[in-house]
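Numbered from 1 within each chain, the chains take letters A, B, ... in sequence-line order.
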Amino acid sequence: MELSKNYIPTEAEAKWYQHWMDKGYFFSTPDEREPYTIVMPPPNVTGVLHMGHCLNNTIQDILIRRARAEGKNACWVPGTDHASIATEAKVVQMLRERGITKSSLSRDEFLKYAWEWKEKYGGIILQQLKKLGCSLDWNRTSFTMDEDYYTSVIKVFIELHKKGVIYRGKRMINWDVKAKTALSDEEVIHKEIQSKLYYINYLIDDDREHEDSMAMADHITVATVRPETILGDSAICVNPNDKRYTHLHGKFAFVPLINRRIPIITDEYVTLDFGTGALKVTPAHDKNDDELGRKHNLKVINTLDNEGKFTAVELADENPSELIVKYNGIDRDELRKIIIEDIAVLNQVEKIEDYNGTVATSERTGVVVEPLLSLQWFLDMKKIISENPETVSAVTSDAITFHPLKLKNTYSYWMDNIKDWCISRQLWWGQRIPAWYDAEGKYVVAATEAEAKEMFNAQYSISNAQLKQDEDCLDTWFSSWLWPIEVFKGISKPDNKEIDYYYPTTTLVTGQDIIFFWVARMVMAGYIFKKELPFKDVYFTGMVRDKQGRKMSKQLGNSPDLLGLIDQYGADAVRFGIMISSPAGNDLLFDESSLEQGRNFNNKLWNALKLLKMWEGRQSATGNEQLTIENFAINWFENRLNQVKTEVDGLMKQFRLSEALKNIYSLVWDDFCSWYLEWVKPGFEQPIEKAVYEKTVGFFEELVQLLHPFMPFISEEIYHLVGDKKDDLCVKLTIANRPMTTEILAQGELLKQVISTLRDARNKNQLKPKEAIQLHIQTASPQSYIAIENIVAKQVNAASVNYVNESVANTIVVAIEKDKFYIESEKQLDSATLKADLLKDLEHQKGFLQSVSKKLSNERFVQNAKPEVIALERKKMEDAENRIKTIEESLKGLN
RNA sequence: GGGAGCUUAGCUCAGUUGGUUUAGAGCAUCUGCCUUACAAGCAGAGGGUCACAGGUUCGACUCCUGUAGCUCCCACCA
C-alpha cells in the first residue's frame, strides 16, 4: 500500500472515532475492575465549543484514556447544564426576534418555547467534542433538567428546608436589572471604573428664623457617587467624634428637591476622612445604608423599580411634586444626570470630583447590579459547614488534592468567610421552587400541590387551601452541585449499584474561575448527601488567552474557530498544541504556532512509519556483519524507552501533563527518529536484519501507545498500519516497564556526545557530509568504544576507526572527557577556528577548575559537606584537570 | 484595604527536600545541507551576572528579609 506524502488527519479521525464507537470502547458498566471516573463539567446547553472547553476536555480525555490503558474501568460522563440565566436570555432574545415578548406569554408557553429551543440547539457542543476525540460514555449523557435530575433538585430543596438550612427572608440582594433576577454574591464582579463624586448641600432645619438670605450658610455637604438615589434618603450620618459636625447632632436636614425632613444621626461606621465625613443614608439602595437603617430604625424608601428605573410609588404620601412626576420611568443612569442638573438649579451642588471607584456588575449580563431589598430563598452556609466540617478539612488535609496546591488557600479563605447563598432566581427556566402559598402569604414546602394541601391542613388547620406555587426557580448551581452524584442517580435513586461503584469520582478537571460556584459546593453536596468527598483530585486549568495575554473575547475577535483549526491541523495537532505548554492552574497563552508544531509532529511520526514500511519488504536473516551496531542501538533504545516511560508515569501521577507530553515528544523525535533509526538504518537499498526490523516495529508500537492518550487518532492509525492488527490501541493494555541499565544509558549519552562533537568539528572545517574521514581515537579505555565505534563511524562518515597512543599529525583534534579524537581527511584542514574553540573551552575549564578547587580548599566545606558531595567535587576537579591537559596537548598538536 | 502568586535566553516556560561538571527545553535567530522516511526536514551553533538589594550557609536559581514591577482572588469607605 502506498502511503501519502504527509499524514492526512480528516479521514483517519472520522474513521477511528466511528470505529471506537462501534466497538463500544467508551461505554462503562460496573464490574470487578477499579473504576476511574470523571464527570465532565457540564457546559451551557446552548454553548459552542471554545478554547477553554478544548483545554478542559483534552485533559480529561488524556486522563481517561490512560486509565483505560492501565486496565481501569474508565467512565467519563458527558452532559450539559441548563444555565438558567444565560439560556433564558437566549430564549427571550430569540422570541423578541420573532416579535414575541416574554411578558405576553404564560409560564407554560414560555417553557414550551424554551424546551423547543433546547431540543434544537442544545448539545451541539457535545457533538463537537467528538471531533476532538473525546472518549465519553455517551450512554450516560445527562442534563441538569432531566426528569430525574429535576426531581432530585426538588428533593434536596425540601430536605434542606426541613433541616432548617434553607430559609426565606427579606435581605439586601444583588439585583440584575437586565435579567430581572436576584443574583448570588458569587455572580457579582467588582469592576474598577472612573466615576464622579458629587458634593451636595442639604439645608439644615434650623430653629432660628431666617430673616435674610444667609440661609445657605446653614447646610451640610454630603458626598455621594449615587445622587440618583437621593429621593430615597432617610438620614444623614456623621461620625460621633467628628468635631466639624458636633453642633448638628440631633438636628434635621432637608432632602434637596423634595424637602423631606430627615434626621442627622451619628455612627462610628462613617469615616472622617472620606468626602466630607457626612454620609447620606438610603436604606433601600445600599447594603451598608440598609444596615444603618436597621440599626437606627430608619424609613426604607424605594425609588427604583426592578428595571432600575425611577418609581415614585413609595413617595406617594409626600405630595409628589411635578419633578417627581417628571422622573417617573427614567433609567438610573439618565436620572443621575437630570437630578444633578435640577439640584444645580437650586444652587445646592457644591462641587463634582473625578473619582475612581468600584462598581458591582452582573457576571452574566454585565450590567451594574442594583442592591435591592427583596424576599428571597437562602442557604445557610455557615450551618452547612459546621454540620459538615469535612467540607473544609478534606481540602486542607489534601484528602481532596488540588492541582496546583496553592488554590487550597483561596478555597479555605472563602469557606472561612462564607456568606449565605441566595438560591432563588426570578426566572422560569430552571427548577421551580417547591413552595406553596395561600392568599395570606402562609406557605409550606412540598413536592406537589396535593402534599402542600395536606401540610396546610396539618400545619395551619386549613383544609383545601387555595394554593399558588412560588413563581421563582432555583439558581443553576443549586442543581450543578449535585452533578457528580446525580449523573449516577445518587439522589433520585439512592444507593443504586452505579452510584456505589462510581462515587466518589476520581478526578475533576475544571477552571479555577468556578472554584466557589461549583467545586466548593460540590464538596458540600458530597458531604451532605453522600457523607463522602465527591472527587479525590481536582485539576484546575487556567484561562486560555491569546498570545499577547489578552482574554479571548468576541469583541476582540481573538477567539479562534476551534472546528476550523481542527479541520486545518487535525484534532491531534490541536490537542498537542494546547497541551504542550499548559501547566495546571496557569493561564495558557494560545499560539497557533504550537498547532503547527503538533502538525509537524504528526508528519514526523508519519514519515517514521513510511521508513518502516520501506524496510518491511527488505528483511533478511543473513547479513550479520553490523550486528554490533544493532545490538547496542536496540539495547540502548529499549532502556531509553523504559526510562521515559517511567518518567512519564511519575509526571502523570503529579498531573504534569505538558511535561509528560514534552518527554514523549522528545523521545519520539530525538531518541527514536534522530538517533535510533539512523543507527539501525541499513545502507541504501540494503536489506535489514529481520530481528532488527521486528524490534523496531515493536518500539514504534510502544511509542504510539505511550502517545495515544495525547494524540489518539494518529497513534491508532499508525498502530494499524505498521502491521496487521486484530486489537485496537484505544483499549490495549499498557506494557509493563522493564528494568533499566544505567551503564547502557550512560554509554548512549557518550555516543551522542561523540557524534555531535565530531559532526561539529566537521562542520567547522567545512567538510561536506559526503567527504569521508579517517578517525583515530586516543583513549585509555578503548573497550568503552568497542560497542559503539561502528555507530560513530557510520554517523560521522568515517571510513575507518582505529586507536592510537599518541597524537596524529595533520589532523583536527577534538577532546571529549579524557579522550582525544583525531580527524584525518584528504581535504586540507584549517585549524584556526578549531583552535579558537579549544582556547575558549580551555578558558572555561580553567575557570571551572578554579571554582572547584577553591571550594575544595575551603576547610569548612570539607568539614561540613556530605561525603558524597565532596567526592563529586573531587571528581569534577579531576575531570577538569584531565580535560585541560587534553586540550593543551591538542593545542600543541595544532602548532 | 486584605490575601495569594509571579519576575530564569528575543518569546513561552521547566528547574521536585540548597551541591549532578560555574543554568535546561520548545519556538524564534544564525551557519551548512535538496544525504531516496521527513525542507512541515537534516546536521550544527550562538544567546541568560536566574528582577534588584541585603541576609543565612562551606555552598543560594533554590531558604529568609526588604525594594520594584506584574498578575489573580477577596472586600460595604459613601
Exercise for the section: Report yes or no: is the cationic atom of Lys196(A) (NZ for Lys, CZ for Arg) under 6.0 Å from the centre of the six-membered ring of Tyr355(A), at an angle within 45° of the ring normal? Expected result: no
Handout entry: Whether Lys876(A) side chain and Ser853(A) backbone form a donor-acceptor pair below 3.5 Å
Key = no
Practice task
Indicate, with a heavy-atom threshold strictly under 4.0 Å, whether Tyr355(A) touches base, sugar-phosphate, or nothing.
Solution key: sugar-phosphate
Fill in the blank from the handout: Of U21(B), A78(B), C76(B), the nucleotide closest to the side chain of Val270(A) is A78(B)
Return the polar atom pairs (N/O with N/O) between nucleotides 36-39 of chain B and the protein under 3.5 Å, or none.
from: A37(B); atom 1: OP1; to: Lys681(A); atom 2: NZ; distance (Å): 3.3
from: A37(B); atom 1: O2'; to: Asn607(A); atom 2: OD1; distance (Å): 2.8
from: A37(B); atom 1: N7; to: Lys681(A); atom 2: NZ; distance (Å): 3.4
from: A37(B); atom 1: N6; to: Cys673(A); atom 2: O; distance (Å): 3.3
from: A37(B); atom 1: N6; to: Glu678(A); atom 2: OE2; distance (Å): 3.1
from: A37(B); atom 1: N3; to: Asn607(A); atom 2: O; distance (Å): 3.0
from: A37(B); atom 1: N3; to: Ala608(A); atom 2: N; distance (Å): 3.4
from: C38(B); atom 1: O4'; to: Asn607(A); atom 2: OD1; distance (Å): 3.0
from: C38(B); atom 1: O4'; to: Asn607(A); atom 2: ND2; distance (Å): 3.2
from: C38(B); atom 1: O2'; to: Asn607(A); atom 2: ND2; distance (Å): 3.3
from: C38(B); atom 1: O2; to: Lys604(A); atom 2: NZ; distance (Å): 2.7
from: C38(B); atom 1: N3; to: Lys604(A); atom 2: NZ; distance (Å): 3.0

Exercise for the section: Can you tell me, in whole Å, how much space there is between the P of C63(B) and that of A25(B)? Expected result: 23 Å
Completion exercise
Closest to the side chain of Asn763(A), out of C77(B), A43(B), U22(B), is A43(B)
Practice task
Name the residue closer to the 5' end of RNA chain B, choosing between Lys406(A) and Asp591(A) according to the nucleotide with the nearest heavy atom.
Solution key: Lys406(A)
Practice task
For G41(B), take OP1 and OP2 only and decide whether either is under 4.0 Å from a side-chain N or O of Asn600(A).
Solution key: yes
Completion exercise
Assert: residue with more 5' nearest nucleotide on RNA chain B, out of Gln512(A) and Lys419(A), is Gln512(A)
Output a table of nitrogen or oxygen pairs between the protein and nucleotides 14-20 of chain B separated by less than 3.5 Å.
from: A14(B); atom 1: OP1; to: Asn586(A); atom 2: ND2; distance (Å): 3.4
from: A14(B); atom 1: O2'; to: Glu659(A); atom 2: OE1; distance (Å): 3.1
from: A14(B); atom 1: O2'; to: Glu659(A); atom 2: OE2; distance (Å): 3.3
from: G15(B); atom 1: OP1; to: Arg656(A); atom 2: NH2; distance (Å): 3.2
from: U16(B); atom 1: O2; to: Arg656(A); atom 2: NH1; distance (Å): 3.3

Completion exercise
Pairing partner of U65(B), by Watson-Crick or G-U wobble and under 3.5 Å for both distances, is A53(B)
Practice task
Please state the P separation for the pair C34(B) and C52(B) - nearest whole angstrom.
Solution key: 45 Å
Exercise for the section: Give Phe274(A) one of three labels, base, sugar-phosphate or nothing, depending on what nucleic acid heavy atoms sit under 4.0 Å from its own. Expected result: base
Exercise for the section: Name the closest nucleotide to the Ser756(A) side chain, picking from A75(B), G44(B), U35(B). Expected result: G44(B)
Problem - Candidate nucleotides C74(B), U21(B), G44(B), ranked by approach to the side chain of Asp760(A) - the nearest - result: G44(B)
Completion exercise
Side-chain contact check for Arg759(A): nearest option of A75(B), G44(B), U22(B) is G44(B)
Problem - Watson-Crick or G-U wobble mate for G41(B), both contacts under 3.5 Å - result: C33(B)
Problem - Base of U21(B) paired with side chain of Lys875(A) (donor-acceptor, under 3.5 Å) - result: yes
Problem - P gap between U62(B) and U16(B), integer Å - result: 11 Å
Fill in the blank from the handout: Picking from A78(B), C76(B), A45(B), the nucleotide nearest the side-chain atoms of Lys764(A) would be A45(B)
Handout entry: A4(B): pairing nucleotide in any strand, Watson-Crick or G-U under 3.5 angstrom
Key = U71(B)
Practice task
Name the closest nucleotide to the Tyr413(A) side chain, picking from C74(B), C72(B), U21(B).
Solution key: C74(B)
Problem - Closest nucleotide among C27(B), A75(B), A40(B) to the Tyr665(A) side chain - result: C27(B)
Problem - Contact under 4.0 Å: His190(A) side-chain N or O vs C74(B) OP1/OP2 - result: no
